[in-house]
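Presented below is the structure to which this report refers.
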Amino acid sequence: MRNKEVAQKFYELAGLSELAEENPFKVRAYLEVAQQIENLPVPVEVLAENEKLTSIKGVGKASANKILQYLNTGRIDKLEELKEKIPLSLLELKKVPELGARRAKILFDTLGIESVESLKKAAIQGKIRNLPGFGEKIEKKILEGLKDIRSRQMERISIGIALPLAESIVEELKESSSIEKIEICGSIRRMKRTIRDIDILVVSGNPVPVMDKFVSLDLVKNVIVRGEKKSSILSRENVQVDLRVIQRESFGAAIQYFTGSKEHNIKIRELANKRNLKVNEYGVFDLETNKCITSETEESIYESIGLPWIPPEMREDRGEVEIAIEGRLPELVKLSDIKGDIHLHSLYSDGINSIEEMARQAVQLGYNYIVITDHARALGVANGLSIERYKGEREEIERLNRKFAPFKIFLGTELNILSDGSVDFSPEELALFDICLAGIHSGMNQEKEKITNRIIKAMSYKGVKVITHPMGGLIGRRDNYALDLDSVFREAKNRNIAIEINASPQRLDLDDINARRAKDMYSLNFEVGTDAHSIEAMKDMRYGVGVARRAWLTKDDVINTFSSAKFEEFIGGKR
DNA sequence: GCCGTTTTCGGCCCGACTGTTTTCAGTCG
């Protein structure tokens with residue numbers, strides 16, 4: 001799968017073309033190609049082989065040829081030409097606040113600056129303030145921005161950090177009597193697994209005190225911009241928070257605008273234009289009379305351009321607008337569809353709550369069943385269980401099942417996929433369990449072929465029904481394994497094994513793009529599990545469901561939406 | 001460079017904020 005690298009080349013084409021001051025629409029066209037390929041649910045090289053490249057939205061003849069050239073030779077003539085004129089490193093400069101293509105080009109042309117280091121030097125020497133389009137203030141902002149650039153670039157944070165942070169900001173702001181309504185928008189509302197900034201929308205007829213309160217919140221490190229309608233701050237954790245204040249009558253248009261994604265909004269606005277309408281954050285307007293058609297609800301915004309309401313998780317310009325036009329939007333799986341959490345760790349291994357406490361929490365969450373999947377023997381650091389100890393666990397579960405009926409607890413295990421692909425127990429021993437999950441917990445740095453074959457071998461053990469956290473990364477902390485996911489998906493399909501969407505905010509693994517691919521290409525079953533080690537963490541299910549919705553999964557795709565009976569059937573009808 | 005239920009040419013989302021300007025360009029989302 002070479003989608004990422006091909007997309008990267010088109011980002012470079014876009015960036016350098018912009019610096020070379022080519023037609024801005026050409027730049028946008030390259031960007032569109034990059035994004036479409038990045039989000040493509042199938043390998044671009046497969047489309048290339050079948051001469052289907054131009055079936056990708058935004059890919060015409062010229063781009064198709066560039067893709068082919070890259071796939072065949074590893075280079076693109078056009079890109080090489082651009083690189084001769086403009087160093088690739090200039091694209092780094094654009095990451096500095098206040099620097100876009102225009103100013104980056106001026107820096108290069110006048111002072112020969114082509115790296116962050118030489119930029120810093122020039123700024124300290126006061127050489128930048130006198131350039132056209134610059135000034136003292138911008139020079140100062142650049143220097144300050146350079147200080148933050150490391151932490152700010154710490155890239156994206158998990159939604160598991162961003163959403164609670166956003167919720168706490170909302171709680172604090174709510175104290176203001178000027179606020180009629182407040183909503184978290186942006187990529188958090190779209191449930192993206194990683195977040196760059198927090199967007200909050202406020203309805204108020206009196207914006208000034210709202211802005212006052214916002215910029216003086218405890219968590220504010222510095223104020224980036226401060227206006228009547230819009231302000232931005234940088235939090236102590238180096239997360240940017242944007243606040244937009246609008247009037248009540250614009251709410252629907254504003255939440256649509258502020259939820260994004262940018263690419264989705266562009267699609268929507270283009271569609272509106274074709275109908276002689278204009279969409280902005282204040283409403284939908286007739287282009288001729290400039291009269292507002294509608295603005296109050298998000299549904300009405302979509303309706304006015306002939307579309308059904310599109311769930312925020314789908315708004316990425318990954319084909320959702322096209323199928324919405326055709327009236328073929330899927331009914332996405334919902335949190336309330338989840339009937340059980342089937343990846344849980346109790347006190348028996350490294351959890352901090354008893355099975356009974358977890359069962360109570362599950363009942364509280366509205367589930368009909370859970371599977372306790374404590375770590376198995378080989379994971380010593382997590383107090384992995386021997387078969388004998390699992391037998392003790394089985395006894396306790398049976399006792400609890402009499403107490404909690406009709407709610408049901410199943411005995412599972414999270415097996416370790418060992419370095420040769422075997423698991424902790426013999427086939428006879430595995431028969432003890434109602435269901436086995438299996439995941440890699442060691443030897444994560446093995447080479448691609450080896451690690452892929454390990455998982456494939458583990459799937460051959462009878463009783464293994466789920467592969468946990470298949471990609472193996474930890475958000476912001478550890479890379480994914482080198483893994484041939486397609487081989488894993490193919491084998492999972494053959495053996496009717498479900499692939500996990502791990503809902504723990506540290507993981508969120510599979511991610512949405514791969515999950516969608518697994519559904520589109522292999523029609524796999526999925527399991528959304530919290531991997532909770534506490535009753536608190538059982539609430540993380542919302543993040544996993546978010547990923548599932550972003551992958552366009554429906555209720556039927558997710559095995560833990562099944563009724564108890566159907567779930568038992570899936571795991572083999574035992575007990 | 002892409003695209004077409006008005007178009008194979010002439011369009012291509014839209015607005016807020018800031019700083020450098022003296023009416024607007026650049027950046028950002």
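It should be emphasised that the depicted structure is a prediction, and the values quoted were computed from it without experimental measurement. First the proteins, then the strands, lettered A, B, ... as listed; each starts at 1.
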Report, one pair per line, the protein and nucleotides 9-11 of chain B atoms (nitrogen or oxygen only) whose separation is under 3.5 Å.
none

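- Comparing the C1' positions of dG26(B) and dT21(B) gives an interatomic distance of 12 Å, to the nearest angstrom.
- No contact: I268(A) has no heavy atom under 4.0 Å from any strand.
- Between K230(A) and the phosphate of dT18(B), there is no side-chain N or O to OP1/OP2 separation shorter than 4.0 Å.
- Across all strands shown, dC17(B) forms a Watson-Crick or G-U wobble pair with dG26(B), both key distances being under 3.5 Å.
- Residue contacts for Y30(A): at a heavy-atom cut-off of 4.0 Å it reaches the sugar-phosphate backbone alone, with no base atom in range.
- Among dC17(B), dC2(B), dA16(B), the nucleotide with an atom closest to any side-chain atom of V225(A) is dC17(B).
- Residue E281(A) is classed as a sugar-phosphate contact, given heavy-atom separations below 4.0 Å to backbone atoms only.
- Only G58(A), V59(A), G60(A), K61(A), A62(A), S63(A), listed by number, bring a heavy atom of residues 53-65 of chain A to less than 4.0 angstrom from any atom of DNA chain B.
- Contact annotation for N265(A): no contact, since no heavy-atom pair falls under 4.0 Å across all strands.
- At dA16(B), none of the side-chain N or O atoms of Y257(A) fall inside 4.0 Å of OP1 or OP2 (strictly under the cut-off).
- Residues forming a side-chain hydrogen bond (donor to acceptor under 3.5 Å, both in side chains) with K278(A) (at least two apart in sequence, or on another chain): none.
- Applying the side-chain contact (heavy atoms from CB on, under 4.5 Å) rule to E263(A) yields the partners Q35(A), S261(A), D317(A); only residues at least two apart in sequence or on another chain are considered.
- A heavy atom lying under 4.0 Å from DNA chain B marks the following residues of residues 131-143 of chain A, by number: F134(A), G135(A), E136(A), K137(A), I138(A), K141(A).
- Under the 6.0 Å distance and 45° angle rule, K291(A) does not count as a cation-pi partner of F285(A).
- The residue K66(A) sits close only to the backbone: its heavy atoms come under 4.0 Å of sugar-phosphate atoms, none of a base.
- E500(A) is linked by a side-chain hydrogen bond (donor to acceptor under 3.5 Å, both in side chains) to H343(A), N502(A), counting only residues two or more places apart in sequence or in another chain.
- Taking atom P in both dT8(B) and dC3(B), the straight-line distance is 16 Å, to the nearest Å.
- Atom name C1', nucleotides dT23(B) and dT18(B): the rounded distance is 15 Å, in whole Å.
- Nucleic acid contact class of K229(A) (heavy atoms, under 4.0 Å, all strands): sugar-phosphate only.
- Considering only side-chain N and O atoms, Q240(A) lies under 4.0 angstrom from the phosphate OP1 or OP2 of dG29(B).
- At a threshold of 4.0 angstrom between heavy atoms, the contacts of V279(A) are confined to the sugar-phosphate backbone, with no base atom among them.
- One finds a side-chain N or O of N273(A) lying less than 4.0 angstrom from the OP1 or OP2 phosphate oxygen of dC14(B).
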